[in-house]
Amino acid sequence: VGRSNARGRPDLHVSIPMNNREPSLLVKSAFIYAGLTKFTRQAYLYAAKSFDTKFIPNLDGRVYMVTGANSGIGRATTKALLEGGGTVHM
């Protein structure tokens with residue numbers, strides 16, 4: 001911090017010392033548990049039941065770029081952004 005990079009801008013890179021140890025069994029287990037409970041089709045379908053576009057705040061004046069807006073999740077995202085008042089580019 002306080003240094004500048006080659007372009008004269010502040011250097012924001014922070015070096016975090018890392019050890020080269022293997023993660024503990026507890027850490028590995030927690031990672032696997034989260035993956036199996038939160039990132040599965042069943043967990044997605046459970047979360048999708050409680051999602052409602054009424055919880056999206058007012059998006060007037062905001063512009064969004066959505067790729068893949070012709071079908072699937074891109075289309076659903078586009079509809080939700082438009083309902084919130086946002087401008088969407090596909």
Side-chain angles (χ1 to χ4, degrees):
V1 181
R3 297 178 302 202
S4 297
N5 61 17
R7 295 183 181 184
R9 296 183 180 146
D11 187 11
L12 301 177
H13 177 75
V14 177
S15 178
I16 300 171
M18 300 293 288
N19 59 28
N20 291 327
R21 294 189 328 216
E22 184 76 16
S24 70
L25 181 60
L26 178 64
V27 171
K28 288 180 183 178
S29 299
F31 181 77
I32 291 170
Y33 177 76
L36 292 175
T37 58
K38 293 181 174 52
F39 301 103
T40 62
R41 180 172 175 77
Q42 184 178 7
Y44 167 78
L45 293 173
Y46 177 77
K49 290 178 188 177
S50 64
F51 178 79
D52 194 350
T53 56
K54 68 181 178 185
F55 297 117
I56 296 177
N58 186 3
L59 303 176
D60 288 337
R62 294 185 180 213
V63 179
Y64 298 92
M65 173 69 76
V66 179
T67 59
N70 294 326
S71 64
I73 197 161
R75 184 175 180 164
T77 301
T78 300
K79 285 183 176 181
L81 292 171
L82 289 172
E83 287 177 14
T87 301
V88 178
H89 296 283
M90 300 172 28

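Starting from 1, each residue takes its place in the sequence as its number.
- Between Thr77 and Tyr64 there is no side-chain heavy-atom pair separated by less than 4.5 Å.
- For Lys38, the salt bridge (Lys or Arg N to Asp or Glu O under 4.0 Å) test picks out no residue, with sequence neighbours left out.
- Exactly one of Ile32, Leu25, Val27 qualifies for a side chain to side chain contact (heavy atoms under 4.5 Å, CB included) with Ser29. That residue is Leu25.
- Note on Phe31: it does not cluster hydrophobically with Leu36, by side-chain heavy-atom contacts below 4.5 Å among ILVMFWY residues.
- Note: Lys28 NZ to Leu26 CG = 12.0 Å, rounded to the nearest 0.5 Å.
- Residues Ile56 and Ala80 come closest through the heavy atom pair CD1-CB, 3.6 Å.
- Nearest approach of Arg75 to Asn70, heavy atoms of both residues: CD-O, 3.8 Å.
- Residues Ala69 and Thr78 approach most closely at CB-OG1, 3.2 Å, considering heavy atoms.
- Annotation: side chain of Leu45 is in contact with side chain of Arg41 (closest heavy-atom distance under 4.5 Å).
- Residue Val88 forms a side chain to side chain contact (heavy atoms under 4.5 Å, CB included) with just one option from Val63, Leu82, Leu59, and that option is Leu82.
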